[in-house]
*Asks:* 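This is the structure I want to talk about, given as structure tokens.
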Number of protein chains: 2
Amino acid sequence: MIPGASSRLEKLATWQLSQASARAHRVLHERLAKAGASGYDYRILAVLGDLGPICQADLGRAAVLDRRDVTHTVRSLQARELVSRRLDPRDGRQTLVELTAAGSSTLERLDLVLDEVQTEVLAGFTAAQRRTLLSLLKRLA
Amino acid sequence: MIPGASSRLEKLATWQLSQASARAHRVLHERLAKAGASGYDYRILAVLGDLGPICQADLGRAAVLDRRDVTHTVRSLQARELVSRRLDPRDGRQTLVELTAAGSSTLERLDLVLDEVQTEVLAGFTAAQRRTLLSLLKRLA
DNA sequence: TAGTATTGTTGGTGATACCAACGACAGCCA
DNA sequence: TGGCTGTCGTTGGTATCACCAACAATACTA
């Protein structure tokens, strides 16, 4: 027997949103795992690539990560020599994080992975539909 | 200093999707917690309300839950006397789950909570925009 | 200078999602 | 009829994401 769908759930925007997000996350996670990175890894590397050397607190704000998770992710990236850390000479509290050469090339590689993920997740969408979706989602967040 | 946004992240549909979903989840979780329920709880109750007595395997398929999570959630709901369970007389493997009277009224109460959540999450959206969003999200999932 | 705020670290929690293995049971079919 | 296949519910995990509290060190400020 094939169970029906729940109309209560189907008509909820939050339900459709969470299901769409879960599916996108599955695709993203699978492809990133193959490339040896986690979602947090990419978020940190992407922010470093876009904003340059930056302290962890700002890193967390830009990547929407808790300070705790920034600490762990950055240390993990540092262990893989993708980022380097040094004390901010102008503020003893801050640690400046920046991409290493290996980090930059890893980021470029991951950018391609992310492009593939977008393509797979948005398969069948026209460019106009993608723009519409993106703008609606931005207003939601 | 206010950190800028990462253009790499901002233009990713999967990023906007996960941020929108995270925000919706925060609202949902906060309101459901006040009402004494979890997201899994509502998903199970909603399916039972829509499809009536049903075995756990079908419950899991309709609510998009792993069998393990169905087991735990149903047992938790049973402990709160919101659902009842009995063996399917026609199939010794299956356990039929159904709403109790208390479960039905709890579901009605939670339906109102979910309505509030939709209103809060979609604040500022026109009816047409909500329809557009919903249809785009359905195609994503 | 005393009090306040921020930074990075540490040690947690909870929700969601998913997997593997198990015994019990049903259905199929040789 | 007996064996095989598959499903069901259960148990015991794991991974990711998101979030909180407390702490020492440092910076700011009133």
*Asks:* Within this structure, what is the CZ-to-P distance between B:R26 and D:dC20, rounded to whole angstrom?
*Replies:* 9 Å
*Asks:* How many angstroms lie between atom CD of B:E98 and atom CZ of B:R85, to the nearest 0.5 angstrom?
*Replies:* 12.5 Å
*Asks:* Could you check whether the side chain of B:R93 and the base of D:dG9 have a donor-acceptor pair of N or O atoms closer than 3.5 Å, going by distance alone?
*Replies:* no
*Asks:* To the nearest Å, how far apart are A:D91 CG and C:dG8 C1'?
*Replies:* 11 Å
*Asks:* Rounded to whole angstrom units, what separation is found between the CG atom of B:L28 and the C1' atom of D:dA18?
*Replies:* 15 Å
*Asks:* Between A:P89 and A:V64, which residue's closest nucleotide on DNA chain D lies nearer the 5′ terminus?
*Replies:* A:V64
*Asks:* Would you kindly compare A:D69 and B:C55 by the position of their nearest DNA chain D nucleotide and give the one closer to the 5′ end?
*Replies:* B:C55
*Asks:* Round to the nearest Å and state the distance from B:Q56 atom CD to C:dC25 atom P.
*Replies:* 16 Å
*Asks:* What contact category does A:T95 fall into here, base, sugar-phosphate, or nothing, at under 4.0 angstrom with non-hydrogen atoms?
*Replies:* sugar-phosphate
*Asks:* Within the structure, does a side-chain N or O atom of A:H25 lie under 4.0 Å from either OP1 or OP2 of D:dC17?
*Replies:* yes
*Asks:* Rounding to 10°, can you tell me the angle the first-five-pair axis of the helix from C:dT1-D:dA30 to C:dA30-D:dT1 makes with its last-five-pair axis?
*Replies:* 20°
*Asks:* Using a strict 4.0 Å threshold on nitrogen-to-oxygen distance, state whether A:D66 and A:R68 make a salt bridge.
*Replies:* no
*Asks:* Which part of the nucleic acid, if any, lies within contact of B:R75, taking any heavy atom under 4.0 Å across all strands shown: a base, the sugar-phosphate backbone alone, or nothing?
*Replies:* sugar-phosphate
*Asks:* What integer distance in Å separates A:R67:CZ from D:dC23:P?
*Replies:* 14 Å
*Asks:* Look at B:R93 together with B:D88 and state whether they make a salt bridge at an N to O cut-off of under 4.0 Å.
*Replies:* no
*Asks:* With a cut-off of less than 4.0 Å, is there a side-chain N or O of A:T71 near OP1 or OP2 of C:dT9?
*Replies:* yes
*Asks:* If you round to the nearest 0.5 Å, how far is OH of B:Y42 from CG of B:D111?
*Replies:* 4.0 Å
*Asks:* Figure out the CG/P separation between A:L96 and C:dT6, and round it to whole Å.
*Replies:* 19 Å
*Asks:* If you measure from the Lys or Arg side-chain nitrogens to the Asp or Glu carboxylate oxygens, is any gap between B:R31 and B:E120 under 4.0 Å?
*Replies:* yes
*Asks:* Over how many whole Å does the gap from A:L65 atom CG to D:dC20 atom P extend?
*Replies:* 14 Å
*Asks:* Whole-Å distance between C:dT9 P and A:Q94 CD?
*Replies:* 12 Å
*Asks:* Given the structure, check if the side chain of A:D66 and the base of D:dC20 hold any donor-acceptor pair shorter than 3.5 Å.
*Replies:* yes
*Asks:* Do A:R43 and B:W15 come close enough that some side-chain heavy atom pair is under 4.5 Å?
*Replies:* yes
*Asks:* NA contact type, B:R90, heavy-atom cut-off 4.0 Å: base, sugar-phosphate, or nothing?
*Replies:* nothing
*Asks:* Group every Ile, Leu, Val, Met, Phe, Trp and Tyr by side-chain heavy-atom contacts under 4.5 Å, then state whether B:L133 and A:F125 land in the same group.
*Replies:* yes
*Asks:* Do side-chain atoms of A:S21 reach the backbone of A:L17 as a donor and acceptor pair under 3.5 angstrom?
*Replies:* no
*Asks:* Is there, by distance only and without an angle test, a donor paired with an acceptor across the side chain of B:R68 and the base of D:dG9 below 3.5 Å?
*Replies:* no
